[in-house]
Amino acid sequence: MKKRVFSGIQPTGDIHIGNYLAAIRHWAAMQDKYENIFCIVDLHAITVPQEPKVLKAKIREVSGLLIAAGIDPARSILFVQSHVSAHAELAWLLNCVIPMGWMQRMTQFKDKSQKQREQVTVGLFDYPSLMAADILLYDTDVVPVGEDQKQHVELARDTAQRFNSIYGETFVLPEPMIPDVGARIMGLDDPMKKMSKSESGSGHAINLLDPPEVIRGKIMRATTDSLREIRFDENRPGINNLLTIYQLFSGDNKAEIESRFEGKGYADFKKTLAEVVTEGLRPLQERYRELTAEPGRIDAILKDGADRARPAAEKTLKKVMDKIGLG
Ligand code: ATP
Ligand code: LTN
């Protein structure tokens with residue numbers, strides 16, 4: 001029996017190389033080893049304001065990018081969260097089990113609510129409960145995510161444990177899977193901040209659909225330091241981040257990379273990095289163009305995905321309702 005993988009991505013902003021290197025790339029590579037479900041989490045997206053037309057278009061764009069990055073709808077289930085109503089229903093039931101104090105400890109809520117101030121919604125606070133529902137509905141064993149989502153996956157696991165201890169064995173306990181390298185890609189304009197879709201600066205993130213000249217411009221302008229040596233060093237976050245991106249796109253090891261750039265300047269290194277990133281993204285961008293040229297293809301894949309996900313989700317929901325004494 002293969003273990004079950006579940007992960008999600010929000011259809012907001014532009015998908016960037018942080019999402020790709022820490023999450024999407026691994027999802028694609030793991031497909032044969034596991035049984036996979038990947039979800040476009042539109043209900044999570046609306047925890048902050050979204051323009052309806054843009055949201056609709058982004059759902060298709062993200063789905064297309066996942067397929068172009070190698071997620072194979074024949075081997076993995078790919079679907080949109082709001083197409084399976086059990087996600088919202090289980091989130092409510094979990095709301096009634098999760099202690100308020102657990103949610104108050106979530107660092108993502110603290111960060112995001114500081115930026116949003118008086119516009120913060122109850123949905124943003126409740127985000128981790130919906131995420132726990134996503135994971136627990138499918139008897140998930142493994143949740144591959146970037147470092148920033150570790151705390152949320154742990155909350156899902158704690159919630160499963162708490163529910164099981166109150167109502168008896170019900171949920172499988174999920175575990176986060178965080179990559180050793182590249183679990184937290186930093187912004188190019190500010191290497192102290194995580195690369196993020198919701199950050200607006202034009203030099204902040206490299207997006208998967210950026211053309212070569214845009215990629216090159218962003219990398220050439222990336223913040224580094226006034227030292228000269230091109231070496232992996234966590235105390236030098238700018239150059240360290242760029243080297244990590246180089247490492248992941250080239251597949252070379254750290255020693256090889258350091259010796260290749262010994263005695264070279266930052267400008268030379270940045271030019272080579274821009275080429276490696278451009279070449280690394282080229283096949284994905286070509287596949288994306290082909291895919292979006294076929295009208296209706298992505299919608300058909302998403303409908304099929306939801307139809308395949310729904311029975312498992314409804315079965316878990318029914319089991320949970322029975323245990324609680326509902327229905
Ligand atoms: P936002 O910053 O707007 O919340 P996001 O960029 O974090 O969005 P998500 O859709 O929330 O994007 O995340 C999708 C996946 O990408 C998750 O597994 C998340 O952990 C991972 N991820 C996001 N940003 C980074 C980053 N800078 N480095 C590594 N992984 C990341
Ligand atoms: N919160 C996640 C997206 C997400 C997710 C999930 C990831 C929603 N539900 C379930 C893994 C499993 C994020 O990346 N910001």
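Keep in mind that the numbers below use all heavy atoms, side chains included, and drop hydrogens, waters and symmetry copies. Predicted, not measured: the structure shown is a model, and the values here were computed from it.
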How long is the span from the [atom1] atom in [X] to the [atom2] atom in [Y], to the nearest 0.5 Å?
X: I185; Y: E147; atom1: CD1; atom2: CD; value: 12.0 Å
X: M106; Y: Q151; atom1: CE; atom2: CD; value: 4.0 Å
X: I245; Y: S250; atom1: CD1; atom2: OG; value: 11.5 Å
X: Y20; Y: H26; atom1: OH; atom2: NE2; value: 9.5 Å

Count the heavy atoms of every other residue, nucleotide or ligand shown that sit under 6.0 Å from [atom1] of [X], and state whether that count exceeds 12.
X: K323; atom1: NZ; result: yes
X: R216; atom1: CZ; result: no
X: K2; atom1: NZ; result: yes
X: E262; atom1: CD; result: no
X: R297; atom1: CZ; result: no
X: R260; atom1: CZ; result: yes
X: E213; atom1: CD; result: yes

Would you give me the side-chain donor-acceptor pairs under 3.5 Å for residues 38-47, sequence neighbours excluded?
residue: D42; atom: OD1; partner: S82; partner atom: N; Å: 3.0
residue: D42; atom: OD2; partner: S82; partner atom: OG; Å: 2.5
residue: H44; atom: ND1; partner: Q81; partner atom: NE2; Å: 3.3
residue: H44; atom: NE2; partner: Y127; partner atom: O; Å: 3.2
residue: H44; atom: NE2; partner: M131; partner atom: N; Å: 3.3
residue: T47; atom: OG1; partner: H44; partner atom: O; Å: 2.6

* To do: Check whether any side-chain heavy atom of E154 lies under 4.5 Å from a side-chain heavy atom of K150, and answer yes or no.
  =>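 The answer is yes; the side chains approach within 4.5 Å.
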Could you pull out the closest heavy-atom pair between [X] and [Y], with the gap in Å?
X: T140; Y: V142; answer: CG2-O, 3.4 Å
X: R75; Y: N36; answer: O-ND2, 4.2 Å
X: A68; Y: R287; answer: O-NE, 2.7 Å

* If we ignore angles and hydrogens, is there a donor and acceptor under 3.5 Å between the side chains of D322 and Y167? ->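 Their side chains do not contain a donor-acceptor pair, so the 3.5 Å distance test is not met.
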* Asked: Quick one: salt bridge (charged side-chain N to carboxylate O under 4.0 Å, His left out) pairs with a partner in residues 172-189, sequence neighbours left out?
  -> none
* Single hit among K194, K112, K193 for salt bridge (Lys or Arg N to Asp or Glu O under 4.0 Å) with E199 ->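 Among the candidates, only K193 passes.
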* From CA spacing to verdict: salt bridge (Lys or Arg N to Asp or Glu O under 4.0 Å), K271, E275 -> CA-CA 7 Å; K271 265 186 220 151; E275 278 161 27; over 6 Å; no
* Could you pull out all residues at least two apart from N164 that satisfy side-chain contact (heavy atoms from CB on, under 4.5 Å)? =>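 Per chain and number, N164 pairs via side-chain contact (heavy atoms from CB on, under 4.5 Å) with E169, T170, F171, L173.
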* To do: Could you list the residues that satisfy side-chain contact (heavy atoms from CB on, under 4.5 Å) with E89, not counting sequence neighbours?
  => S85, L317
When you measure from the side chain of [X] to the backbone of [Y], do you find a donor-acceptor pair of N or O atoms at a distance under 3.5 Å?
X: Q50; Y: P11; value: no
X: R162; Y: P99; value: no
X: D141; Y: K3; value: no
X: Y266; Y: S226; value: no

* Sorted by first residue and then second, give each ring-ring contact (aromatic ring centres under 6.0 Å, His included) pair with at least one member in residues 98-121; sequence neighbours left out. =>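 Listed by first then second residue: F109-F125.
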* **Residue list, ring pair (Phe, Tyr, Trp, His ring centres under 6.0 Å) with F79, at least two apart or on another chain** => H87
* Please walk me through it: do E61 and T292 pass side-chain contact (heavy atoms from CB on, under 4.5 Å)? -> CA-CA 9 Å; E61 182 184 295; T292 47; over 6 Å; no
